Asker: 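Questions regarding the structure given below will be posed in turn.
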There are 4 protein chains.
Amino acid sequence: MAVSREDKYERILDAAIEAFAEVGYHSCQVSKIARIAGVADGTIYLYFKNKEDILIRLFTERMGDFIQLIRSKMESCQDTRSRLRAIVHTHLTHMENNRALATVTQVELRQPNSSLYSAIAVPLREYFRLVEEVIEEGIKQNEIIPSLNVRVARQMVFGTIDRATTDWIFARSERSLSKETDCMLKLFSGALGLPKE
Amino acid sequence: MAVSREDKYERILDAAIEAFAEVGYHSCQVSKIARIAGVADGTIYLYFKNKEDILIRLFTERMGDFIQLIRSKMESCQDTRSRLRAIVHTHLTHMENNRALATVTQVELRQPNSSLYSAIAVPLREYFRLVEEVIEEGIKQNEIIPSLNVRVARQMVFGTIDRATTDWIFARSERSLSKETDCMLKLFSGALGLPKE
Amino acid sequence: MAVSREDKYERILDAAIEAFAEVGYHSCQVSKIARIAGVADGTIYLYFKNKEDILIRLFTERMGDFIQLIRSKMESCQDTRSRLRAIVHTHLTHMENNRALATVTQVELRQPNSSLYSAIAVPLREYFRLVEEVIEEGIKQNEIIPSLNVRVARQMVFGTIDRATTDWIFARSERSLSKETDCMLKLFSGALGLPKE
Amino acid sequence: MAVSREDKYERILDAAIEAFAEVGYHSCQVSKIARIAGVADGTIYLYFKNKEDILIRLFTERMGDFIQLIRSKMESCQDTRSRLRAIVHTHLTHMENNRALATVTQVELRQPNSSLYSAIAVPLREYFRLVEEVIEEGIKQNEIIPSLNVRVARQMVFGTIDRATTDWIFARSERSLSKETDCMLKLFSGALGLPKE
DNA sequence: AATGAATGAGCCTTCATTCAT
DNA sequence: GATGAATGAAGGCTCATTCAT
């Protein structure tokens, strides 16, 4: 069976994730992506405008999926604690299951002054917004102490998860990342003043 | 008086911080650093092995200074809360006062598989160790609840500060970063179970 | 009725003339010709060996037709003056009516060291020969002064027409090209010593 | 003695003329020019913006010099015949002595829709203007019949010279080009109605 | 030590051509 | 015959690094 057009696009994207994770975006040659994807160099340009376009689409598409995943996991949650748990656990599990993507995300997410930044900014801000909504709702429901700064609280939640992920990537050990969900949640509970379980 | 060897070295390093902050390490040409530093391209190679060496030395030296600064600020602290406050406040203030350095630090800190990573790892781990020591001491002194995972707690402290800094850099607004010290400390107090003030 | 093989061949040739005229042979992509002709890229290679072959056939066929046209116009001419007039007028009118072809002809006629040159050389030399025959016949009939160099005289006739055509193409104005027939003929009459009308 | 900056610029220009003449602008690799000039590929880009810039500067500078040469040769001329002779003879001699330049000029002078065309247009128009001035002055001095179209007359003068040059280039024979000055002048005399010598 | 012109390896991208359908 | 997705060779240009002055 021939490889369909859809498949090829995805294969190039997957190859790019693997390649970027291994050597970083800037040190990665387009021909390396092509080799991993099993296509010719020129084929890449049938699906992507240029090298940067690969990175941009990678972020927007995969992060879009990721945020959808988190939203769906949160639907059945009744209280703030379980919503936070859904975020933390889904995030850590997803990174654990997609280590290469995690590596790229952690590393390349922060380029200054590039068209890349503005492309990334949209899904990232959407994620931030989602976390802040959970916090705001928690305050409204009297589950979270009202006096805290919502943005800083969100920075704590995301920053902690993000840092744990980065540490896990660089540690290269086999230790589980998602197992840290409970530790993290306990800290967040105390910080936000969530009621005892 | 002629510019001494020391001065020229520092001037190149400062120029590099400015240049890297503006366009990013990979997009920055050595000649740009030379122009900002007011020296010839070739002169850079009298002081640095190559382009990457500039970045490595930049991190190790400036982060070394930074850690020294934090240690000195912490010397007079008697309890865990004030030690944490010293860390948070010194970190945020330092980044606020050295925005270009902050930009480089936040952006370029995470290159995979490069000799850069191992160079950065040393001072970064020292900083992590410092935070973890404060937490461990807090547990020993019964100021922090003992059941938490020290590493995850450190990831929270550093991750939150780090994320707040990144947000502040990309926000490009004039809002103060160091003013968030108290918000952050309140969260950490709750998370770690610090006694009421 | 389906488009016949003949038709498709001609359509590609016409498309090539249009495309080459617009952007020049070297800057013209084969896919552009295909798009204008309304065929797939690959189809072109069913009718032409390669890109250069399109240009070669374009010249040989269209110039062959052009020379036939001039010959037929000259058949009814009784004297040198009317023969020259036929050449000049037919040439200018033809270029005026086929501006795109004229553009390609004027521009691409002169590539050094290519298989293109030798392909063009044949019809071009035939045209030159035709002009020189008119001159030689004029000398034999005592209509043209015998002391002139036939080749140089032909260079004058062709060069003048050719230059006027090039100027007209680049002028992009709406001024008529064929209207210059009489001016040109008057110059040629004086140069060649044709008898008064 | 070191090669001065000026020299290197000229050497690259000369190398480009030779290389373009041999294989044509489009088929000529920048590395070929570099090899002939005896410099590294990158050095070219210290002196020229890009490949097209080489061609543009080549035309503007060398044609500027050429027009100056013709002007200087014409200064001592007292009548129209000697002015025309100066133009024809200087043009033919110059092309004969600079065959490679002539080849490039004849071939690459006519690219449509490129920034090249507008760059060439200026010196070329200046040359046309010079020829037309000679004709206009001749009419004013009653040396040339007044009824002719000046533009077409100029097209004849330039077109004939240009065509003779092209023929000479493609002939590749050792026959002299400049020796045709007199043939050509005799034709022009008759065409323009110049008084007998 | 300082310079900056010169180097040349390296890479992204294009596009003529092919070939499985 | 017709298609157009896929190919991959080729080349213009950049820029970190060198070295003669």
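Within every chain, numbering begins at 1; the chains are lettered A, B, ... in the order of the sequence lines, protein sequences first and strands thereafter. Predicted model only: the values in this text are computed from it and were never measured.
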Asker: Kindly list each side-chain donor-acceptor pair under 3.5 angstrom involving residues 24-39 of chain A, sequence neighbours excluded, with atom names and distances?
Answerer:
from    : atom 1 : to      : atom 2 : distance (Å)
A:Tyr25 : OH     : A:Glu52 : N      : 3.2
A:His26 : ND1    : B:His26 : ND1    : 3.1

Asker: Whole Å only: how far is the CG atom of C:Leu46 from the C1' atom of F:dA2?
Answerer: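 Nearest whole value for this atom pair: 7 Å.
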
Asker: Are C:Asp7 and C:Arg11 close enough for a salt bridge, meaning some N to O gap below 4.0 Å?
Answerer: no

Asker: Determine: side-chain N/O of C:Tyr47 to OP1/OP2 of F:dG1, distance under 4.0 Å, yes or no.
Answerer: no

Asker: Take B:Val30 and C:Gly42, find for each the nucleotide of DNA chain F with the closest heavy atom, and name the residue whose nucleotide sits nearer the 5' end.
Answerer: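 By nearest-heavy-atom nucleotide position, the 5'-most residue is C:Gly42.
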
Asker: Does the side chain of D:Lys8 get closer than 4.0 angstrom to OP1 or OP2 of E:dA5 through an N or O atom?
Answerer: no

Asker: Over how many whole Å does the gap from C:Asp41 atom CG to E:dC19 atom C1' extend?
Answerer: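 My rounded result for the distance is 13 Å.
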
Asker: Would you mind reading off the distance between C:Asn50 atom CG and E:dT17 atom C1', rounded to a whole angstrom?
Answerer: 9 Å

Asker: Once you round it to whole Å, what is the distance between P of E:dC12 and CG of A:Leu55?
Answerer: 13 Å

Asker: Let me spell it out: for each of D:Tyr45 and B:Lys51, pick the nucleotide of DNA chain F with the closest heavy atom. Which residue's pick is nearer the 5' end?
Answerer: D:Tyr45

Asker: Is the closest side-chain donor-acceptor distance between A:Glu10 and A:Tyr47 under 3.5 Å?
Answerer: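 No pair is found: no donor N or O on one side chain lies under 3.5 Å from an acceptor on the other.
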
Asker: Quick one: salt bridge (Lys or Arg N to Asp or Glu O under 4.0 Å) partners of A:Asp41, sequence neighbours excluded?
Answerer: none

Asker: Quick one: which of A:Ile44, A:Thr43, A:Leu46 gives a side chain to side chain contact (heavy atoms under 4.5 Å, CB included) with A:Lys8?
Answerer: A:Thr43

Asker: Taking both distances under 3.5 Å as the test for a Watson-Crick or G-U pair, what stems of at least three pairs does DNA chain E have?
Answerer: E:2-21 with F:2-21

Asker: What is the separation between atom CG on B:Asp53 and atom C1' on F:dT17, rounded to the nearest whole Å?
Answerer: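 After rounding, the gap between these two atoms is 14 Å.
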
Asker: Rounded to whole angstrom units, what separation is found between the NE2 atom of B:His26 and the P atom of F:dA16?
Answerer: 10 Å

Asker: Nearest-Å distance, NZ (A:Lys49) to C1' (E:dC12)?
Answerer: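 Roughly 14 Å, once rounded to whole Å.
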
Asker: Quick check on DNA chain E: between D:Ile44 and B:Gly38, whose nearest nucleotide comes earlier from the 5' end?
Answerer: B:Gly38

Asker: Please state whether the phosphate of E:dC15, meaning OP1 or OP2, lies under 4.0 angstrom from any side-chain nitrogen or oxygen of C:Lys32.
Answerer: no

Asker: Could you state the CD-P distance from C:Gln29 to E:dT13, rounded to the nearest angstrom?
Answerer: 16 Å

Asker: So, applying side chain to side chain contact (heavy atoms under 4.5 Å, CB included) with A:Ile17, which one of A:Ile12, A:Thr105, A:Leu101, A:Asn98 is it?
Answerer: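 Answer to the side chain to side chain contact (heavy atoms under 4.5 Å, CB included) test with A:Ile17 among A:Ile12, A:Thr105, A:Leu101, A:Asn98: A:Leu101.
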
Asker: Check whether any side-chain N or O of A:Arg57 sits under 3.5 Å from a backbone N or O of A:Phe48 as a donor-acceptor pair, and report yes or no.
Answerer: no

